[in-house]
Every structure is written in C-alpha cells, then in structure tokens.
2 protein chains.
Amino acid sequence: MTERDRTGPEADAFDLGAVFPALADRHRRSVMTELAADCGDSERGCNSFDLPVSKQTQTHHFRVLREAGLIDEIDYGNRKGIRLRRADVEKRFPALLALLKAEAAGGTAPR
Amino acid sequence: MTERDRTGPEADAFDLGAVFPALADRHRRSVMTELAADCGDSERGCNSFDLPVSKQTQTHHFRVLREAGLIDEIDYGNRKGIRLRRADVEKRFPALLALLKAEAAGGTAPR
DNA sequence: CTTTAGGTACGACTTGAGTCGTACCTGATC
DNA sequence: GATCAGGTACGACTCAAGTCGTACCTAAAG
C-alpha cells in the first residue's frame with residue numbers, strides 16, 4: 001500500500017468529493033493551472049511553482065492534490081518531483097484542464 | 001444593484017475562484033447535480049431538494065450558488081424558485097454540467 | 001385582521017482547513 | 001563522519017465556512 005499511496009488513487013476511483021475541494025484552494029489551483037498549461041508531461045520540481053507558503057504547507061497542498069488523483073509525486077528521498085496525471089484526468093474529466101487553462105488566459109482577477 | 005444581486009453575476013464575470021469553492025460543499029454539489037440532471041430548465045422550489053439542513057442554512061447555500069453565477073433565485077416574496085443558469089454555465093464551462101451528471105451516474109460513493 | 005408557511009437577517013457556535021514551528025529523516029557534498 | 005538542503009511528521013494556532021437559534025419580513029389563506 002505504501003507505493004500506491006505515493007502515486008495516488010486509480011483513474012476510475014476519482015471522486016468529485018475530493019477533486020472540487022482540492023481545486024477550491026487558490027494555491028493548489030495555481031499549481032494545477034501551471035501544470036495544465038505545460039503541454040509536455042514534464043516532471044517539475046516542487047519549488048518551481050513559487051508558492052508563497054512554507055515548505056510544510058507545500059507538502060500539505062501537494063498531498064491533497066495527489067490524494068485527489070490529480071498529480072503524481074515522485075519521491076527521490078531528499079528531493080521530489082511533481083507530474084500532472086494528464087491522461088487520467090482527461091479521461092475522467094475531459095474539460096477540466098481546459099477549464100484551468102481558461103482561468104490563466106481569461107485573467108479573471110484573482111481575489 | 002439590488003435586482004442584479006438577485007440574478008447573480010453576468011455570464012462573462014464567472015470566476016473559478018467562486019465556482020470551485022461553491023461546488024466543494026457536498027450539499028451544494030448535490031443541488032447542482034440534481035439541476036444538471038433535469039434537462040428542462042424547469043424552475044424548482046427550494047425545498048424540493050430535500051437538504052438535511054435547516055432553512056437558514058439552505059438560504060446560505062443557495063446564495064453561494066447564486067453569487068457563483070450557477071443559479072438564479074426567483075423571489076416571490078414568501079416563496080422562492082431556483083433555476084439553473086444552464087446556458088451561461090455551458091457557455092463558460094462546457095463540460096462542468098456533464099461532470100456533475102457523471103457523479104450521479106458513476107455513483108462514486110458519497111463520503 | 002389574524003394566522004400560517006416560506007424565506008431572510010443577524011448573531012453565535014463549532015468544525016475544518018490552511019498555516020507555521022519544531023523536530024526528524026534522506027541523500028548529496030565536503 | 002559532518003554538514004547541508006529538501007522533504008516529511010506532528011502538533012498547535014488561526015481564520016473561514018457551515019450550522020443553527022432567535023427575530024423579523026412577505027404573501028396567501030382563513
């Protein structure tokens with residue numbers, strides 16, 4: 001169960017009860033917006049998102065995103081990689097990523 | 001501004017920063033799921049949703065949905081009608097309603 | 001006019017989520 | 001081995017959000 005926890009739930013186990021709360025937070029949504037905009041599923045470092053919170057809080061946010069099934073966290077021990085689960089997300093919620101990209105483009109003033 | 005407040009924001013003023021938190025709540029999402037499933041934009045009564053909360057709380061939830069631009073509240077004085085803003089929502093978030101319908105169909109166990 | 005049902009306004013309570021401080025772990029570098 | 005940077009675990013704090021109690025408003029029915 002340890003390895004599976006690191007990679008999040010299966011694609012068919014996605015639950016809107018987890019996805020919507022995950023995307024309700026401003027910081028997590030900004031992470032997903034960035035990931036959605038990067039068309040290559042390139043792996044990114046945790047601190048490449050420039051979140052204005054402490055690293056403990058970042059750990060918390062990335063965990064929420066992982067448990068919602070939106071990202072994978074690749075553990076290198078003293079380093080961590082973040083990768084969008086684009087295929088799974090697109091399969092389950094076809095327009096979700098487009099939605100997030102629209103936010104970045106539309107520029108609706110962030111509260 | 002009074003009448004506009006009753007009918008929610010314009011379609012182009014939709015903000016994901018309001019939509020996602022609105023749908024993060026279990027009760028509000030169940031309301032939206034029911035509305036999405038009803039293909040005719042029929043007006044529904046407030047208590048036709050059978051929410052397990054007091055009427056004060058229902059007032060609160062419907063307000064949040066209205067302020068997010070997802071529904072209209074028609075005020076009859078001592079009675080109130082709820083109507084999904086299907087056209088506006090579809091225009092801005094094409095697959096959002098399909099997403100909610102999927103939750104009802106997929107039957108992902110509600111927490 | 002009185003009563004009644006549905007809805008709202010305001011305020012208070014309570015739970016949950018976001019946040020950080022401290023301590024500890026891991027792997028790389030010296 | 002010692003040091004250091006990145007990440008995690010645990011706990012505590014704080015604030016927002018969901019909830020309800022009381023009081024008041026509105027329109028319809030008697």
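Each chain gets a letter, A, B and so on, in the order the sequences are listed, and its residues count up from 1.
Closest to the side chain of B:His60, out of C:dG7, C:dT19, D:dG18, is D:dG18. In the set C:dG7, D:dG18, D:dC20, the nucleotide with an atom closest to the side chain of B:Val53 is D:dC20. Side-chain atoms of B:Cys46 lie closest to C:dG7 of the nucleotides D:dT8, C:dG7, C:dG18.
Taking atom CD of residue A:Gln58 and atom C1' of nucleotide D:dG6, one finds them 11 Å apart after rounding to whole Å. Remark: P of C:dG7 and CZ of B:Arg66 are 14 Å apart, rounded to the nearest angstrom. B:Phe62 has its CZ atom 15 Å from the P atom of C:dA9, to the nearest Å. Whole-Å rounding puts the B:Asn47 CG to C:dT8 C1' distance at 15 Å. In this structure, A:Arg29 places its CZ atom 12 Å from P of C:dG18, rounding to the nearest Å. Between the P atom of C:dG16 and the CZ atom of A:Phe20 lies a distance of 22 Å, rounded to the nearest Å. In this entry the distance linking CD of B:Glu67 with P of D:dG18 reads 12 Å, nearest Å. The CG atom of B:Asp25 sits 13 Å away from the P atom of C:dG16 (whole-angstrom rounding).
In this structure, B:Arg86 places its CZ atom where more than 12 heavy-atom neighbours from other residues, nucleotides or ligands lie under 6.0 Å away. Atom CZ of A:Arg44 has more than 12 neighbouring heavy atoms from other residues, nucleotides or ligands inside a 6.0 Å radius.
The phosphate of C:dG7 has neither OP1 nor OP2 within less than 4.0 Å of any side-chain N or O from B:Thr59. The side chain of A:Arg63 contributes no N or O atom lying less than 4.0 Å from OP1 or OP2 of D:dT8. An OP1 or OP2 oxygen of D:dT8 is reached within less than 4.0 angstrom by a side-chain nitrogen or oxygen of A:Lys80. Phosphate contact (OP1/OP2 of C:dA17, side-chain N/O of A:His61, threshold under 4.0 Å): absent.
Contact of the A:Ile82 side chain with the A:Ile74 side chain is not registered, since no non-hydrogen atoms from C-beta on lie closer than 4.5 Å. Looking at heavy atoms from C-beta onward, A:Leu35 lies in side-chain contact with A:Phe49 at the 4.5 angstrom threshold.
Scanning for salt bridge (charged side-chain N to carboxylate O under 4.0 Å, His left out) contacts around B:Arg28 gives an empty result, with sequence neighbours left out. Residues satisfying the ring pair (Phe, Tyr, Trp, His ring centres under 6.0 Å) test with B:His61, not counting sequence neighbours, are B:His27.
Under the 3.5 Å distance criterion, with hydrogens and angles disregarded, a donor-acceptor pair is assigned to the side chains of A:Thr57 and A:Ser54.
Taking for each of A:Gly45 and B:Thr57 the nucleotide of DNA chain D with the nearest heavy atom, the 5'-most of the two is the partner of A:Gly45.
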Dump the pairs, protein N or O against N or O of nucleotides 23-30 of chain D, anything under 3.5 Å, distances to one decimal.
unit_1: D:dA27; atom_1: N3; unit_2: B:Asn78; atom_2: ND2; d: 3.3

